[in-house]
Amino acid sequence: MEASIAYALELINQTLAAAIVVIAASLLLYNLTRNLDNRVARTSGVVLGCLTIAYICDTFTSLGPTPGTYQAVLRLQWIGIAFLPVALYHLSDALLATTGLPSRGRRRRVIRILYAISIVFLIAAAFTNTLIQPVRLHPDFFPERVMFGLQAGAVFPIYVIYFIGATFAAFINVQRARQRCLTRSTRRRMGYLQIAMLTPAFGIFPFSVLLGIGSEFSLVGLFLVNLTNVIVIFMLLFLAYPLSFFGSRIPARV
């Protein structure tokens, strides 16, 4: 009975991950084709690109690749994981600038530093075991499948601090932007963004590294992964609504 539930949850997880890829990629293409000149559209495209890459890799691992390919994909997934915190901060800076408070150089320098740090984390994840290390698993419910989990390396606590710090700073920037909005409707939309933009961060963060190797393939782990994926889907759609107003030449009523 437990094995059947596990297989059902895994199938739902694969379906939801594929749905996130479709939705995130669609929103990304919509943003880039609608108004590429708008800074909010471009920076939100970076956030959506990180999500798309991470969940494409997630979906690919469910197709049963060879052990070498599986490990390579887990490392490739860190393109999205490493750059999402700075992408969120970059988006928050663009939102703050739209309210009439552009960077005087300090926030711009912080963004460049954060991108450089993300590149270092990506290199560490892709070519070394100092950040993460793939470990072969033999889960009880899927003994016939090749599966790998992630084990934290010595540098992983530093990434956690970076992730929390950049995400919190992004939240503060959007709060400042919300306080500077002049109308009730724009404050409401900025409030939507303030909550919705944090969801991709928690949806993409590798919590399994903190919870223990193979925990994502337990019944509780599979249930939590599915719940997170459902929340990410709804929040992506919720995120698309307020972002569609930035840079649009069409009146809000239309």
K.L.:
Write down the atom of V86, the atom of I111, and the distance for their closest heavy-atom approach.
P.N.:
CG2-O, 3.9 Å
K.L.:
Is it true that L11 and I5 fall in one hydrophobic cluster, defined by side-chain heavy atoms closer than 4.5 Å?
P.N.:
no
K.L.:
What's the verdict on side-chain hydrogen bond (donor to acceptor under 3.5 Å, both in side chains) for R75 and N129, showing C-alpha distance, side-chain angles and the deciding distance?
P.N.:
CA-CA 10 Å; R75 295 183 184 276; N129 291 327; 2.5 Å; yes
K.L.:
Should R39 and D93 count as an ion pair when the cut-off is N to O under 4.0 Å?
P.N.:
yes
K.L.:
Side chains of N13 and N229, heavy atoms from C-beta outward: is any pair under 4.5 Å?
P.N.:
yes
K.L.:
Over 60° means perpendicular and under 30° means parallel, so classify the ring planes of F156 and W78, tilted if in between.
P.N.:
perpendicular
K.L.:
Does the plane of the ring in Y70 sit parallel, tilted or perpendicular to the ring in F148? Use 30° and 60° as the thresholds.
P.N.:
tilted
K.L.:
Out of curiosity, T61 OG1 to Q71 CD, how far, rounded to the nearest 0.5 Å?
P.N.:
12.5 Å
K.L.:
Would you say the side chain of L122 lies within less than 4.5 Å of the side chain of I79, judging by non-hydrogen atoms?
P.N.:
yes
K.L.:
Within the 4.5 Å heavy-atom criterion, are L84 and V47 side-chain neighbours or not?
P.N.:
yes
K.L.:
For Y89 and T167, what are the C-alpha separation, side-chain angles and deciding distance, and is it a side-chain hydrogen bond (donor to acceptor under 3.5 Å, both in side chains)?
P.N.:
CA-CA 7 Å; Y89 183 84; T167 305; over 6 Å; no
K.L.:
Would you mind reporting whether R107 and L96 have side-chain heavy atoms less than 4.5 Å apart?
P.N.:
yes
K.L.:
When you group the ILVMFWY residues by side-chain heavy-atom contacts below 4.5 Å and let the links chain together, are F163 and L131 in the same group?
P.N.:
yes
K.L.:
Write down the atom of G49, the atom of L28, and the distance for their closest heavy-atom approach.
P.N.:
CA-CD2, 4.1 Å
K.L.:
I'd like to know whether CZ of F223 has more than 12 heavy-atom contacts from other residues, nucleotides or ligands below 6.0 angstrom.
P.N.:
no
K.L.:
Nearest 0.5 Å, what's the CD1-CG distance between I231 and N226?
P.N.:
11.0 Å
K.L.:
Relative to the ring of Y115, is the ring of H90 parallel (under 30°), tilted (30 to 60°) or perpendicular (over 60°)?
P.N.:
perpendicular
K.L.:
To the closest 0.5 Å, what do you measure between CG (L16) and CG (D58)?
P.N.:
11.0 Å
K.L.:
For the hydrophobic clusters of this structure (ILVMFWY residues joined by side-chain heavy atoms under 4.5 Å, transitively), does one cluster hold both I119 and I132?
P.N.:
yes
K.L.:
Would a distance-only check, ignoring hydrogens and angles, find a side-chain to backbone donor-acceptor pair under 3.5 Å from Q77 to A54?
P.N.:
yes
K.L.:
Can you find a pair of side-chain heavy atoms, one from P65 and one from V73, that are under 4.5 Å apart?
P.N.:
no
K.L.:
Is L51 reachable from V22 through a run of I, L, V, M, F, W or Y residues, each pair having side-chain heavy atoms under 4.5 Å apart?
P.N.:
no
K.L.:
Linking I/L/V/M/F/W/Y whenever their side-chain heavy atoms sit closer than 4.5 Å, directly or via other members, would V155 and I161 fall into one cluster?
P.N.:
no
K.L.:
Please determine, by modelled atom types, if T59 and S62 share a side-chain donor-acceptor pair under 3.5 angstrom.
P.N.:
no
K.L.:
Could you tell me whether the side chain of R180 and the main chain of T98 form a donor-acceptor pair under 3.5 Å?
P.N.:
no
